[in-house]
Amino acid sequence: MDSMVIKECGWLIAKGLAATIVISLLAMMIGTLVGWGVYRLSQSPRRWVRKVTQWWKVVVRGTPLVVLLLIVFYLLFGGHCPILAASIAMGLIFSNLVASILQSSIDAVGRGQLEAGLMLGFSRRQAMRHIVLPQALRIGMPAYKFQAVAIVKGTSIVGYVAIQDLTLAAQTIRNGTGNDLLPLLAATLIYFLLAWLLNKLLDYILLKLSAV
């Protein structure tokens with residue numbers, strides 16, 4: 001390959017990588033916030049709120065990511081703002097997982113920890129904030145990291161809404177150059193590096209949160 005082809009391939013990979021990172025981070029932020037909200041609603045004293053939350057989780061869990069992506073992109077955004085649409089679709093899928101991780105992690109800590117905090121004079125909010133949640137974070141972080149990495153890899157489907165992500169960039173280079181090995185190998189290595197960096201970042205965030 002001459003220098004112009006190499007430069008063009010590099011530009012495609014860089015552009016695809018940027019789209020993959022932006023969508024992944026937005027999806028994780030949206031999913032974490034929505035997941036926390038879904039978890040809180042699932043603990044509501046109102047039965048109808050818990051019922052609606054349960055049905056919401058069933059519907060989102062049962063909808064394939066590609067279908068949800070197309071629904072959000074075409075029906076909600078009218079075929080515009082593909083990166084935001086992809087981030088929201090993937091964030092909704094991630095939110096269900098976050099809500100389940102929160103539920104299982106907080107249950108694993110045990111109600112006794114909360115009751116002990118209340119006996120020590122903490123309010124319910126303070127006991128959750130200073131006693132229950134730090135322990136739940138440590139319990140749930142491995143599952144959260146696993147699902148976060150899955151979200152990064154899941155961005156490989158956003159080409160369905162014409163986003164030039166890392167996978168589509170590799171496919172474009174493969175079609176343009178006729179080289180099957182190098183573009184796909186490069187994409188694989190980049191995804192691996194992204195997953196490794198994300199794990200390190202989440203470990204750092206957990207360390208900082210544990211120190212607060």
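Computed from a predicted structure; not experimentally measured.
Under the 4.5 Å side-chain contact rule for hydrophobic residues, I151 and L84 share a cluster. Linking ILVMFWY residues whenever their side-chain heavy atoms come closer than 4.5 Å, directly or via other members, places L76 and I93 in the same cluster. Using a 4.5 Å cut-off between side-chain heavy atoms of Ile, Leu, Val, Met, Phe, Trp and Tyr, with links allowed through other members, M29 and L137 fall into the same hydrophobic cluster. Two different hydrophobic clusters hold L17 and L193 under the rule that ILVMFWY side chains link at heavy-atom gaps under 4.5 Å. Placement of L41 and L97 in two distinct hydrophobic clusters is found when ILVMFWY residues are connected by side-chain heavy-atom separations under 4.5 Å, directly or transitively.
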Show every donor-acceptor pair shorter than 3.5 Å between a side-chain atom in residues 51-69 and any protein atom, with sequence neighbours excluded, or say none if there are none.
from	atom 1	to	atom 2	distance (Å)
T53	OG1	V49	O	2.8
T63	OG1	V59	O	2.6

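Atom-to-atom distance recorded for I83:CD1 and I88:CD1 is 12.5 Å, nearest 0.5 angstrom. Going from atom CG of L194 over to atom OG of S24 covers 7.0 Å, rounded to the nearest 0.5 Å. Once rounded to the nearest 0.5 Å, the distance linking CE of M28 with CG of L202 reads 7.0 Å. Between L184 atom CG and L189 atom CG the span is 11.0 Å, to the nearest 0.5 Å.
Listed for the S87 side chain is no donor-acceptor partner under 3.5 Å among the backbone atoms of L26. S105 contributes no side-chain N or O that, together with a main-chain N or O of L102, makes up a donor-acceptor pair within less than 3.5 Å.
Among residue pairs with one or both ends in residues 32-42, those qualifying as side-chain hydrogen bond (donor to acceptor under 3.5 Å, both in side chains) are T32-Y144; sequence neighbours excluded.
Here the closest heavy-atom approach between residue G140 and residue I101 is recorded as O-CG2, 3.7 Å. Between Q164 and A169 the shortest heavy-atom distance is NE2-CA, 3.2 Å. Of all heavy-atom pairs spanning A27 and M90, the tightest one is CB-CB, 3.8 Å. For N199 against K145, the heavy-atom pair with the smallest separation is OD1-CD, 3.3 Å. Nearest heavy-atom pair, C81 versus F73, reported as atom, atom and distance to 0.1 Å: C-CE1, 4.4 Å.
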Run L168 and I163 through side-chain contact (heavy atoms from CB on, under 4.5 Å) and show every step you take.
CA-CA 8 Å; L168 188 56; I163 297 175; over 6 Å; no
Please step through side chain to side chain donor-acceptor pair (under 3.5 Å) for the pair Q135 and R138, ending with a clear verdict.
CA-CA 5 Å; Q135 297 179 70; R138 286 191 289 272; 5.4 Å; no
For I23 and D165, run side-chain contact (heavy atoms from CB on, under 4.5 Å): C-alpha distance rounded to whole Å, both residues' side-chain angles, the deciding distance at 0.1 Å, then the answer.
CA-CA 9 Å; I23 294 170; D165 72 306; 5.6 Å; no
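Contact annotation: the side chain of Y191 approaches that of T155 to within less than 4.5 Å [non-hydrogen atoms, C-beta and beyond].
Other residues, nucleotides and ligands place no more than 12 heavy atoms under 6.0 Å from the OH atom of Y160. Atom NZ of K15 is surrounded by 12 or fewer heavy atoms from other residues, nucleotides or ligands within 6.0 Å.
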